[in-house]
Structure formats: structure tokens, C-alpha cells
Amino acid sequence: MIEVNRQGDIWVFAEQEAGKLSDVPLELLSKGRELAEKLGVRLGCMLLGDGVKDLAAALVAQGADKVYLVEEPRLRQYQTNGYAKVVCDLIHAHKPQICLFGATAIGRDLAPRVASAMKCGLTADCTDLQIGDHQPAGGGETHKNLLLQIRPAFGGNIIATIINYDRWPQMATVREGVMPLSSPDLRRKGRIIPCPVSLNGFELPLKIIESRRTQKKVNLKAARVIVAGGAGVGSRENFKLVWDLANCLGAAAAGSRAAVDLGYIDRDHQVGQTGTTVRPALYVACGISGAVQHRAGMEGSAKILAINSDPGASIFSVAHYGIVGDLNEVIPRLIKAIRRGATIEQAAAEKKI
Ligand SMILES: Cc1cc2nc3c(=O)[nH]c(=O)nc-3n(C[C@H](O)[C@H](O)[C@H](O)COP(=O)(O)OP(=O)(O)OC[C@H]3O[C@@H](n4cnc5c(N)ncnc54)[C@H](O)[C@@H]3O)c2cc1C
């Protein structure tokens with residue numbers, strides 16, 4: 001634990017693998033910039049690895065004022081113990097008030113280890129981060145300018161705001177795609193602060209012989225248009241309708257968790273709280289009820305078209321266009337209209353609600 005320190009910086013863990021930054025630290029820097037300006041403090045990054053110095057420029061362009069650079073041959077590949085030791089040493093030395101990590105495989109391994117070593121607490125999978133005050137229920141001192149760590153709780157039935165006012169740093173993880181990515185500013189200037197550490201004599205329990213990575217089958221985050229199917233599609237065979245509409249629109253196909261669990265489409269295609277968060281120009285939801293966990297992953301889409309046989313389905317509450325009807329009839333009609341040259345908006349407008 002470090003002492004409560006209201007002048008402390010905001011830090012982001014700049015996750016990289018094989019010398020390539022993942023998207024999530026860049027997204028966290030975009031959000032971190034907003035939070036740092038609100039608090040009037042600096043935005044820093046922890047960049048660990050071996051031969052990774054060149055990545056600092058991208059972090060500065062994305063909003064970092066300082067990059068704490070730790071290069072060590074034994075940090076070339078991620079290992080929990082070595083990385084956790086270095087991150088804890090950096091926190092003790094520089095006393096940031098907030099530390100943010102991506103909720104990636106590495107972030108989910110590292111952040112709890114650091115939080116446990118620092119005895120400070122951690123909120124996982126935040127869907128929003130804000131700065132605000134907290135007045136304890138029984139009265140007493142108002143805690144000012146805390147990190148409000150916002151996330152769904154109790155199966156998504158409530159949105160909880162979690163705070164930590166006395167065991168610092170305040171720590172949170174955020175899933176990839178949740179925070180919008182701002183445009184990099186290549187003219188920004190930042191400081192690179194080399195932090196010499198030695199892991200000599202520090203025992204790393206694993207010897208990594210070889211690492212193999214499999215690519216995801218689909219990059220939903222990059223898709224401009226997404227056609228997603230849910231349990232209402234009825235079967236894996238019938239999911240062909242969703243693929244056909246997606247092909248016709250040059251879109252990526254996706255599914256709700258129910259569609260994935262039912263085996264209609266592979267898990268890489270899942271949208272939502274435990275899938276991918278997407279913000280395409282157009283999201284077409286077919287036979288999806290619009291549970292809060294699904295909406296959490298798609299309601300930032302610029303335009304949403306929902307097709308559902310139930311007029312009371314909650315997907316309609318976030319949709320810009322809605323078609324009440326059986327998707328087995330509606331999708332072929334949409335495909336026909338689009339092939340005739342209609343835009344999806346024109347095709348949907350006939351049955352707009
Ligand atoms: C911790 C947690 C995490 C979760 N994470 C996710 C997540 O990441 N993503 C996600 O999607 N869900 C997630 N869920 C599950 C979520 O709560 C819902 O169960 C799920 O989204 C429901 O999927 P669905 O809308 O496809 O199915 P249903 O809720 O069963 O809805 C099917 C819809 O299809 C409609 N329909 C049926 N037949 C037709 C037809 N012929 N034509 C048109 N419409 C029809 C029905 O009216 C209904 O609205 C999570 C749940 C929990 C507890």
C-alpha cells in the first residue's frame with residue numbers, strides 16, 4: 001500500500017507482446033488523458049520488456065506525459081512474478097494515485113497480483129471510469145476526487161460504482177474496446193524515464209521454451225458493419241441467414257452469448273460484456289432480446305437496426321430502426337431489397353417502428 005497521495009499521477013500499464021503494443025493501453029491512455037486533466041495531474045505509462053523503447057513514441061502520441069521504461073532481458077516474455085515485482089517497485093518509487101490495466105489475459109494475471117502485493121484492492125472489467133466525490137452514508141468527511149470504478153454487478157442487474165478511498169493506488173482493469181480510442185497526436189512531447197532494475201538472483205519459476213499464438217478468426221472491432229444473430233435464429237443451419245445478410249452488406253457476422261452457447265457461431269464472434277465491445281457504423285441485431293450484457297457490447301454503435309418478433313424486446317430501446325417480425329421472412333426481404341440497390345435504412349424504413 002502507498003499513502004493516499006492526491007498529487008500522484010495516473011498510470012496505465014502499457015501491455016506489449018513481442019514488441020507490439022496491444023490496443024487496450026492506447027484506449028486506456030485516451031480515457032486516462034481525460035481523467036488526468038480533471039485531476040490536474042500527469043498521465044504516465046509503465047512500459048516493460050526488452051528492446052521496447054521505440055514503443056514509447058506511440059504512448060506519448062496517445063496522451064502519455066511520462067513513460068517509465070524498464071528494459072531487461074528477463075522481461076522479454078511476460079511472467080507473473082518478474083512483471084509484478086517491477087510494477088510494485090515502480091509504484092513504491094513514484095506513488096501514482098491510479099493504475100489502470102487492460103482486462104486481457106496478461107492484465108487479468110498481473111493486476112490482481114500487484115493489488116494483492118500492494119494490499120490495495122482492484123475493480124475488474126470496468127465499463128466506465130470517472131472522477132467524483134464520495135460522501136459516506138453515515139456522514140463524516142467527504143472523499144474528494146476519487147476514481148469511480150463503474151461496472152455491471154449481480155449478473156448485470158445493477159450498475160455498481162466502486163471506490164477505494166484509503167488503500168492506494170486505486171486500481172482497475174478495463175476490457176479491450178470499452179474505452180473509445182482518440183486520435184494520436186504525433187506532435188505531443190513526453191518524457192521517457194529509463195528505470196534500471198535488475199532481476200538478477202530473482203527467481204522466475206518458468207522457463208519459456210516456445211510460444212505459439214493463434215490469431216482470432218474475426219476482428220469485430222475493425223468491422224464497419226456487423227450483422228449479429230441471437231437465440232431467436234433457431235439453429236446453426238438457420239444462422240446461414242445471418243451470414244447471407246452479412247455477405248450482402250460486406251459485414252462481419254457476430255452473435256449473442258446465447259447464440260454462441262447454442263453452437264450457432266464460434267466464440268470469437270461473441271459481442272457483449274464477456275465478448276467483444278464494438279462500435280460499428282451499423283449493427284444489425286437479428287433475434288437478439290437485448291439483455292444488458294449484450295447491449296454493453298454494442299450500444300455505442302452509430303446506427304442500430306433490430307429485427308425481433310417481440311415488440312416489447314429491450315433491443316428496441318437502443319435501436320434507431322426496428323422491424324417487428326419473423327427474421328425468417330424479414331432477412332430474405334432485406335437481402336432482396338439491398339440487391340435491388342436500396343440502402344439498409346431504406347429497406348428497414350418500410351417497417352420502421
Ligand atoms: C455475467 C454475464 C455475462 C454475459 N455476457 C454476455 C455477452 O457478452 N454477450 C451476450 O450476448 N450475452 C451475455 N450474457 C447473457 C445475456 O444475459 C443473455 O442471456 C443473452 O444476451 C441472450 O441472448 P439472445 O438475446 O440471443 O437470446 P434470448 O434472450 O433468448 O432472445 C432471443 C430473442 O429472439 C427473438 N426471436 C425468437 N424467434 C424469433 C424470430 N423467428 N424472429 C425474430 N425474433 C425472434 C425473441 O423475441 C427474443 O427477443 C451474459 C450473462 C451474464 C450473467
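Read the numbers this way: they start at 1 and go in the same order the structure lists the ligands and their atoms. Predicted, not measured: the structure shown is a model, and the values here were computed from it.
Among all protein heavy atoms, the one lying closest to atom 14 (N) of ligand 1 is Q293 CB, 3.5 Å. With hydrogens left out, the protein atom closest to atom 33 (C) of ligand 1 is G287 O, 3.3 Å, a heavy atom. Considering only non-hydrogen protein atoms, atom 45 (C) of ligand 1 sits nearest to S309 OG, 3.3 Å. Counting only heavy atoms of the protein, atom 3 (C) of ligand 1 lies nearest to R257 NH1, 3.2 Å. The nearest heavy-atom contact from the protein to atom 20 (C) of ligand 1 is A291 CB, 4.2 Å. Closest protein heavy atom to atom 29 (O) of ligand 1: S289 OG, 2.7 Å. Nearest protein heavy-atom contact of atom 46 (C) of ligand 1 is N308 OD1, 3.5 Å. Looking from atom 7 (C) of ligand 1 to the surrounding protein, the closest heavy atom is Q270 NE2, 3.2 Å.
Between the side chains of D326 and N328, at least one donor N or O lies within less than 3.5 Å of an accepting N or O. Under 3.5 Å, the side chains of R175 and T277 contain no donor-acceptor pair of N or O atoms.
Per-residue contacts place G275 under 4.0 angstrom from the following atoms of ligand 1 (heavy atoms of the residue considered): 8 (O). Residue G272 approaches ligand 1 through these ligand atoms, each under 4.0 Å from one of its heavy atoms: 7 (C), 8 (O), 9 (N). Within the listing of ligand 1, atoms 7 (C), 8 (O), 9 (N), 10 (C), 11 (O) sit less than 4.0 angstrom from a heavy atom of V271. Close contacts between ligand 1 and Q273 involve ligand atoms 7 (C), 8 (O) [criterion: under 4.0 Å to a heavy atom]. Within the listing of ligand 1, atoms 3 (C), 4 (C), 5 (N), 6 (C), 7 (C), 8 (O) sit less than 4.0 angstrom from a heavy atom of T274.
Put simply, the side chain of I288 does not reach to within 4.5 Å of the side chain of N308, judged on heavy atoms. At a threshold of 4.5 Å between non-hydrogen side-chain atoms, the residues P152 and Q293 do not count as touching. Contact annotation: the side chain of R33 never approaches that of S182 to less than 4.5 Å [non-hydrogen atoms, C-beta and beyond].
Residue G325 places a heavy atom under 4.0 Å from ligand 1. Residue V260 places no heavy atom under 4.0 Å from ligand 1. Taking a 4.0 Å cut-off on heavy atoms, G297 fails to register as neighbouring ligand 1.
At a 3.5 angstrom cut-off on N or O pairs, A313 does not count as close to ligand 1. Distances between N or O atoms of G230 and those of ligand 1 include no value under 3.5 Å. At least one N or O atom of L327 sits closer than 3.5 Å to an N or O atom of ligand 1.
For the salt bridge (Lys or Arg N to Asp or Glu O under 4.0 Å) criterion with D185, the lone passing option out of K189, R188, R187 is R187. The side-chain contact (heavy atoms from CB on, under 4.5 Å) test with F13 is passed by exactly one of I106, L47, V24: I106. Each of N164, L146, I131 was compared with I98 under the side-chain contact (heavy atoms from CB on, under 4.5 Å) criterion, and only I131 meets it.
Within the structure, every pair that satisfies the ring pair (Phe, Tyr, Trp, His ring centres under 6.0 Å) test and touches residues 104-163, not counting sequence neighbours, is listed here: H143-Y165.
Once rounded to the nearest 0.5 Å, the distance linking CG of L100 with CG of L122 reads 10.5 Å.
Note on E27 versus K31: no salt bridge recorded, every NZ/NE/NH1/NH2 to OD/OE distance being 4.0 Å or above.
If you check each of D326, I307, I315, V324 against atom 41 (N) of ligand 1, the one with the closest non-hydrogen atom is D326.
Annotation: Q135, atom CD; neighbour count of heavy atoms from other residues, nucleotides and ligands within 6.0 Å is above 12.
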